[in-house]
Amino acid sequence: MKRLSALLLALVLAVSCFAPAAGAVFDPSPLYDVKAQSAYIVNTDTNIIVYEKDSAAQMPAGGLTKLACAALVLTNYGDELDTRTFQMPFAISDYVYGTDNADMRSGETFTLREALYAMLLRNANDAAMGMAYQLSGGDLTGWVSQMNSLTRQIGAANSTWTDACGLDGGNVTTAVDMYLILRYLMGFDAFVEIAGAVSFEMPAKEKHAKSFILTNQNMALNKASGGKFYRSAMRGGMCDVLAYKNDSGTQSYVSWASQDGETYIFCIMGVADTVDTYGYANRRPALYETTQLMDWVYSSFSVQAALDPDQALAEIPVKYSSETDTLLLYPDDQMMTILPSSSDSTVTQKFFHLPESVAAPVKQGDIVGTVELRLAGETIGVVNLIAGQDVNRNPVLYGVAQFQAFLGSLYLKVVLTLSAAALLVYGVWRLQNAIREERSRGGPRIKRH
């Protein structure tokens, strides 16, 4: 049942995230110049895209591949995280040796939850590959095929997975796809808890006499040691690689934040090592840019009501009523949307889609038309306009109008035209018939002697 519910959630997300109403994009450049090759920032409360930059461009997925692996684990085994265990195979330990790991040694036994902590907090390749190998019965190719199938169901159609952890260079994704996958994962309580943990104490194992601590590489979560990276709004996320120290390149970071009840997903892809100017030995350029954009979002915008359902927005003529000549129209929804914090709903432009008039009878709440809201030239939503009161029909006015309409109707004109034509034809026929009769009576007569 949980698998079915998760897949239904994926379908809903795939549809809602690409709805036309989700398309207002703002520009952070007055405050921060985005260096990422690709970016996608979405407010999850309204589905409004706050910022987008080449978000459909394919990028190397690296360790972000583990989010697709985690999605498959949680979808299929979400109820067994503490009861299902596996032993780390020697072949996996050897395969991932020298890469980002959590010191999960061959022959040691782990629960799925412990492996997820290692995978999501430390980007541990051993955790991802070990789970995939055991849960698939050694069929890693089949496991990867399931990862691809699941993410396509979620809507991430431009991603390709070639292994379970991201070591293979064939793993590619996009900022939009990572948004869809992360939002899907946020539907699992276990993921939110694990990915948002500052640290995790791994219990003692067969080859570990004592427990050991795994610290989340997302330094924005860690108030004690996060330094300039720390943001109280950060709730969780994952990088494609560990922090740089002796090498350089680009990083990607996928995360979500929540403050004052407003939640955003940040997908920041392909950020150069030199972008991080915080000055620490371990550089995190994608997380650096994420924190800058997080500051921009929460200082610049808030979710506000764009409309007041108690305030009439339009007035339209009413036909066939002796009670009123016009009808007031009200929005049927307050339309919560992203607006600049320093402004109010007056910054939006309203475009009405209404008939020229409405015919009585009208019931309060009847949908009469719509109003389209735009911000900075982008449509942010369409709301129904409804009748603010009942309006009864006057039978006399209606009858007169119907009679007048009948007199001016095409039907009557056709009937009258055809009738006139018929009368004309009949008249000509009668005239011709009369002439023939007259000729018959008044023709030459023969005299008889």
Side-chain angles (χ1 to χ4, degrees), residues 12 15-16 18-24 43 45-48 302-340 342-427:
V12 170
V15 172
S16 66
F18 289 105
N43 176 271
D45 309 296
T46 62
N47 288 336
I48 289 178
S302 61
V303 177
Q304 303 177 37
L307 299 172
D308 182 356
D310 295 324
Q311 180 178 348
L313 283 186
E315 192 172 10
I316 192 171
V318 178
K319 299 190 295 185
Y320 317 139
S321 174
S322 58
E323 300 172 354
T324 181
D325 295 328
T326 60
L327 176 67
L328 294 176
L329 303 179
Y330 295 80
D332 70 349
D333 186 86
Q334 60 184 350
M335 184 59 192
M336 299 303 293
T337 189
I338 300 294
L339 295 174
S342 59
S343 64
D344 54 30
S345 60
T346 58
V347 301
T348 60
Q349 299 87 44
K350 300 175 180 65
F351 296 84
F352 295 93
H353 305 282
L354 299 169
E356 293 183 358
S357 63
V358 64
V362 178
K363 293 294 184 183
Q364 185 177 16
D366 284 352
I367 297 175
V368 177
T370 60
V371 58
E372 176 187 358
L373 276 72
R374 296 181 189 175
L375 182 63
E378 297 284 346
T379 297
I380 59 174
V382 177
V383 175
N384 291 328
L385 291 176
I386 59 176
Q389 66 185 87
D390 292 338
V391 180
N392 296 315
R393 183 168 66 191
N394 184 303
V396 175
L397 293 177
Y398 180 72
V400 170
Q402 292 299 103
F403 180 69
Q404 290 175 338
F406 174 73
L407 292 178
S409 67
L410 178 62
Y411 173 76
L412 180 59
K413 293 176 181 178
V414 171
V415 170
L416 292 176
T417 300
L418 292 176
S419 298
L423 288 173
L424 178 61
V425 171
Y426 179 72

Heavy-atom side-chain contact between [X] and [Y] under 4.5 Å:
X      : Y      : answer
Thr370 : Val383 : no
Phe352 : Leu385 : yes
Lys350 : Leu313 : yes
Leu328 : Thr326 : no
Val303 : Ile338 : yes
Ile48  : Thr337 : yes
Glu372 : His353 : yes
Leu307 : Leu373 : yes

Return the set of residues passing side-chain contact (heavy atoms from CB on, under 4.5 Å) with Pro355 (not counting sequence neighbours), or none when no residue passes.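 By the side-chain contact (heavy atoms from CB on, under 4.5 Å) rule, Pro355 matches Ile316, Val368.
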If you look at every heavy atom in [X] and [Y], which pair is closest and at what distance?
X      : Y      : result
Glu356 : Pro317 : O-CD, 3.4 Å
Gln311 : Pro331 : O-CD, 3.5 Å
Val391 : Ser321 : CG1-OG, 3.3 Å

Which residue pairs pass the side-chain hydrogen bond (donor to acceptor under 3.5 Å, both in side chains) test with at least one member in residues 385-395, sequence neighbours excluded?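 Listed once each, the pairs are Ser322-Asn394, Glu323-Asn392.
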Distance in Å, Asp325 CG paired with Ser357 OG, rounded so as to fall on 0.5 Å steps: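 Interatomic distance, Asp325 CG to Ser357 OG, rounded to 0.5 Å: 12.0 Å.
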Audit row: Arg374, Phe351, side-chain contact (heavy atoms from CB on, under 4.5 Å) steps and yes/no: CA-CA 8 Å; Arg374 296 181 189 175; Phe351 296 84; 3.3 Å; yes
